[in-house]
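Below is one structure, written out as structure tokens, with a few remarks after it.
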Amino acid sequence: FPHVRSADISAIINHKFELSDLYKLDSFSRRDRDMRKSLRLNWEDRTVRLIADESTENYPTLETICVPLGVYFRILIAHVAETAPDNGKSACDLAMGSMAYVSSLMDFSAHFEWDAVLSYHFAFWFLAQRYMMHGNYSKWENIDRELHTEYLASFRKARASSSAPS
């Protein structure tokens with residue numbers, strides 16, 4: 001991963017990588033590489049509350065999340081495959097989960113408002129990181145129903161009306 005700073009790789013493999021720095025993993029990003037807008041999050045009884053809503057400026061589309069997220073997962077999978085003492089089970093869980101997670105984000109972005117998808121992503125990211133700190137890499141594979149209800153359910157995209165001529 002020659003375009004990724006060693007400090008970022010270290011933060012990723014130690015589960016301390018800041019979500020607000022995700023853009024740094026996109027080597028093709030046209031944005032200022034020094035851009036740093038913090039996402040202020042507050043844990044309240046197992047939930048994450050997005051306090052500052054400047055995130056859609058940093059991540060305006062699905063692609064601005066998925067491209068660097070792919071780099072994040074590749075770094076993490078390579079590390080887990082090398083270091084986990086379970087004969088590859090954790091790396092496999094992470095690889096399968098990362099593909100399922102990106103697919104979920106793609107599905108969500110087709111059906112829900114982007115701001116809501118991004119809020120779900122932020123909340124899910126922090127929850128998954130907490131699981132990974134304890135060696136559990138399987139969280140990425142399943143949609144979190146509580147977070148789905150809290151962040152997505154009320155923000156379904158309006159369907160285009162298909163009024164056929166009479």
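Atoms considered below: every heavy atom in the structure, side chains included; atoms not considered: hydrogens, waters and symmetry mates.
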Handout entry: Ring centre gap for W125 and Y72 strictly below 6.0 Å
Key = yes
Practice task
Provide the closest heavy-atom pair for S98 versus I77 in the form atom of the first, atom of the second, distance.
Solution key: OG-CD1, 4.0 Å
Handout entry: Counterpart residues, side-chain hydrogen bond (donor to acceptor under 3.5 Å, both in side chains), relative to K157 (two or more places apart)
Key = none
Completion exercise
When every non-hydrogen atom of A100 is compared with those of E141, the smallest separation belongs to CB-O, 3.6 Å
Completion exercise
Between the CD1 atom in I12 and the CD1 atom in I75, the distance rounded to the nearest 0.5 Å is 4.0 Å
Exercise for the section: For salt bridge (charged side-chain N to carboxylate O under 4.0 Å, His left out), just list the numbers for K139 and D144, CA-CA rounded to whole Å, side-chain angles, deciding distance to a tenth of an Å, and then say yes or no. Expected result: CA-CA 9 Å; K139 181 66 179 166; D144 186 290; 3.1 Å; yes
Exercise for the section: List the atom of S104, the atom of I143, and the distance in Å for their closest heavy-atom pair. Expected result: OG-CG1, 3.7 Å
Problem - OG-CG distance between S109 and D107, expressed to the nearest 0.5 angstrom - result: 8.0 Å
Completion exercise
Rounded to the nearest 0.5 Å, the CE atom of M132 sits from the CH2 atom of W140 at a distance of 5.5 Å
Handout entry: Any V102 side-chain heavy atom under 4.5 Å of M106 side chain
Key = yes
Practice task
Keeping the roles fixed (side chain from N14, backbone from S10), state whether a donor-acceptor pair exists under 3.5 Å.
Solution key: yes
Practice task
Taking all non-hydrogen atoms of both residues into account, name the closest pair between L127 and L147 and its distance.
Solution key: CD2-CD1, 4.0 Å
Handout entry: Side chain T83, main chain H79, donor-acceptor under 3.5 Å
Key = yes
Fill in the blank from the handout: Scanning both residues in full, the closest heavy-atom pair of L25 with H3 reads O-NE2, 3.1 Å
Handout entry: Heavy-atom pair with the smallest gap, counting every atom of A84 and S90
Key = CB-CB, 4.0 Å
Problem - Minimum side-chain heavy-atom gap I65-L118 below 4.5 Å - result: yes
Exercise for the section: May I ask you to check whether Y101 and F124 place their ring centers less than 6.0 Å from one another? Expected result: yes
Exercise for the section: Can you measure from CG (D26) to OG1 (T64) and round to the nearest 0.5 angstrom? Expected result: 8.5 Å
Practice task
Consider only side-chain N and O atoms of S20 and E18, and report whether a donor and an acceptor are under 3.5 Å apart.
Solution key: no
Handout entry: Within 6.0 Å of CE in M133, more than 12 heavy atoms from elsewhere
Key = yes
Problem - Residues H15 and Y131: side-chain donor-acceptor under 3.5 angstrom - result: no
Completion exercise
Rounded to the nearest 0.5 Å, the CH2 atom of W114 sits from the OH atom of Y59 at a distance of 10.5 Å
